[in-house]
Amino acid sequence: MVLVAAAAVTAVVLARLGHPVRAGAAPLFADWWPHLGPGTPAALLVAAAVVRFGPPLARRLSWGRLLAAGYATAVGWTLALALVDGWRAGVADRLTTQHEYLHEVPGVTDIPAMLRGFSARILDFQPDSWTTHVSGHPPGALLVFVWLDRLGLSGGGWAGLLCILVGAGTAVAVPQTVRLLGTDEAARAVVPFAVLFPGAVWIGVSADGLFAGVTAAGVALVTAGAVRRSVLAALAGGVLLGFACYLSYGLVLMAPVVAAAVLLGGARRVFWAVLGAAAVAVAFTAAGFSWWTGYHLVVERYYQGIASHRAYAYWVWADLAALAVSAGPAAAVVLRRAGSEGGRLRPRSLAGLRRISVVWLLPLAAAGSVLAADLSGYSKAEVERIWLPFAVWFAAGAALIPAGHRRFWLVAQAGTALLVNHLLFTTW
């Protein structure tokens, strides 16, 4: 709370001194607009139901039913938050602005030609340069929405629902990963926190919510491949994680989380995961898109836009304040306890490490990803959505929160999301 307040006050002071930080409600990229909407009653109802019934149901339900209930509730929570702004402003119009992916979809009439010429259109100040979000990402992100359009599901409404449905999959993938690597009890503790994730404000609706769902599913499948010795799961997980690197350049920073899962689950079948990821890279390269070329051009494009006016000295710490809102206050509890327990534990064997460490190693790995992204300087502002793929993994340490305190922190998580969505009009 102190960090968020400091970032907000500093932003106001800098603006009055003639050095605006280029974010309307810094540290969040939003505008002040206290309001209610059609999603308000549903969001309040879902939050109250999860706080009241979530922990006991997480203990009693069979694992399959618990995951199904968790996914359905996460979809309801995310959609309800989006509908606080109404259907059009909250869902259907979010991805249709001139800066977004859907703006470019009608112009993609030849996918192979688009892939071959993608890099040539990344830089700004040329007649055919891509819009902001398309130019800032590899072509996989645009391809997703092109494919959706080719299936007959065109327009912002279907695109928004896709982001919500895929993004809500984190409420399944994160606890499933914890269960595979740790204990059933620890995994059950994760589910209510993965459902009432404050970052659901930006999962509904941003493409980064979709990215979070894809990467979380990839980690869960790679983990299943290692633990259950399943070639198919490892291969599928590798394909998803490889494709994720063609959704966003920054998702290579999922490496610490993937490495933690492999360390805990064992390296069995990891070859197949690497093969799956390599197959995706080969396919894109053969189609004419070079990831490295695109990355270097994006760095140049990044400083052609608003990033050149955002001060690193402010955003290098204010980004963490934005993350504190997106991840929620429970993330601070998890990270403090994870650091404390991880520093004290001295397992006698690798097997012992695997049994006891999943609840602290996965959150700390995600924190490592965030730190790398933060120090890089390529994520100045808007990280409340950009870092969603990392932030969802803080919930993996929910078992570190004492059982008697979990309802309190669930209230804090839900309250954070409700306050943000009712006091601000977020861009995503």
Side-chain angles (χ1 to χ4, degrees), residues 137-144 147 162-163 166-181 194 203 207-287 289-292 294-295 358 361-370 372-373 386-396:
H137 295 79
L142 177 60
L143 270 179
V144 168
W147 288 333
L162 176 68
C163 293
V166 176
T170 59
V172 173
V174 175
Q176 178 64 14
T177 302
V178 173
R179 192 169 190 258
L180 287 166
L181 297 173
I203 288 178
D208 297 87
L210 182 145
F211 303 165
V214 170
T215 53
V219 173
L221 285 168
V222 168
T223 303
V227 174
R228 295 176 175 172
R229 304 187 180 186
S230 169
V231 170
L232 184 60
L235 189 63
V239 168
L240 285 180
L241 291 173
F243 186 66
C245 293
Y246 286 85
L247 292 173
S248 172
Y249 297 101
L251 290 178
V252 296
L253 294 178
M254 282 297 296
V257 178
V258 177
V262 170
L263 171 66
L264 295 170
R268 296 178 298 272
R269 305 296 185 271
V270 72
F271 166 78
W272 295 100
V274 173
L275 184 64
V280 174
V282 168
F284 272 97
T285 304
F289 174 75
S290 167
W291 191 94
W292 282 107
Y295 170 75
V358 60
L361 188 54
L362 284 176
L364 290 181
S369 298
V370 165
I386 296 172
W387 290 351
L388 287 173
F390 312 134
V392 296
W393 289 98
F394 296 144

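Only this structure's heavy atoms are used, side chains among them; waters, hydrogens and symmetry mates stay out. Note that this is a predicted model, so its numbers are computed, not measured.
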About how many Å separate OG of Ser369 and CH2 of Trp387, when rounded to the nearest 0.5 Å?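 The distance works out to 10.5 Å.
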Measuring from atom CZ of Phe284 to atom CG of Leu143, what distance do you get when rounded to the nearest 0.5 angstrom?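 CG of Leu143 is found 5.5 Å from CZ of Phe284.
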Can you give me the closest heavy-atom contact between [X] and [Y], atom names plus distance?
X      : Y      : result
Ala194 : Pro175 : CB-CD, 4.5 Å
Phe394 : Pro363 : CE2-O, 3.6 Å
Phe390 : Ala373 : CE1-CB, 4.4 Å
Ala233 : Ala224 : CB-CB, 4.1 Å
Arg269 : Ala234 : O-CB, 3.3 Å
Ala141 : Phe211 : CB-CZ, 4.0 Å

Step by step, would you call Leu162 with Val144 a side chain to side chain contact (heavy atoms under 4.5 Å, CB included)? CA-CA 10 Å; Leu162 176 68; Val144 168; 3.8 Å; yes
Using 30° and 60° as the class limits, which term best fits the ring planes of Trp291 and Tyr295: parallel, tilted or perpendicular?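 Ring orientation, 0 to 90° scale: parallel.
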Name the one of Thr177, Leu181, Leu180, Val178 that satisfies side-chain contact (heavy atoms from CB on, under 4.5 Å) with Leu264?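 One option only clears the test, and that one is Leu181.
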Quiz: residues 238-263 side-chain donor-acceptor pairs under 3.5 angstrom, not counting sequence neighbours:
| unit_1 | atom_1 | unit_2 | atom_2 | d |
| --- | --- | --- | --- | --- |
| Ser248 | OG | Gly250 | N | 3.3 |

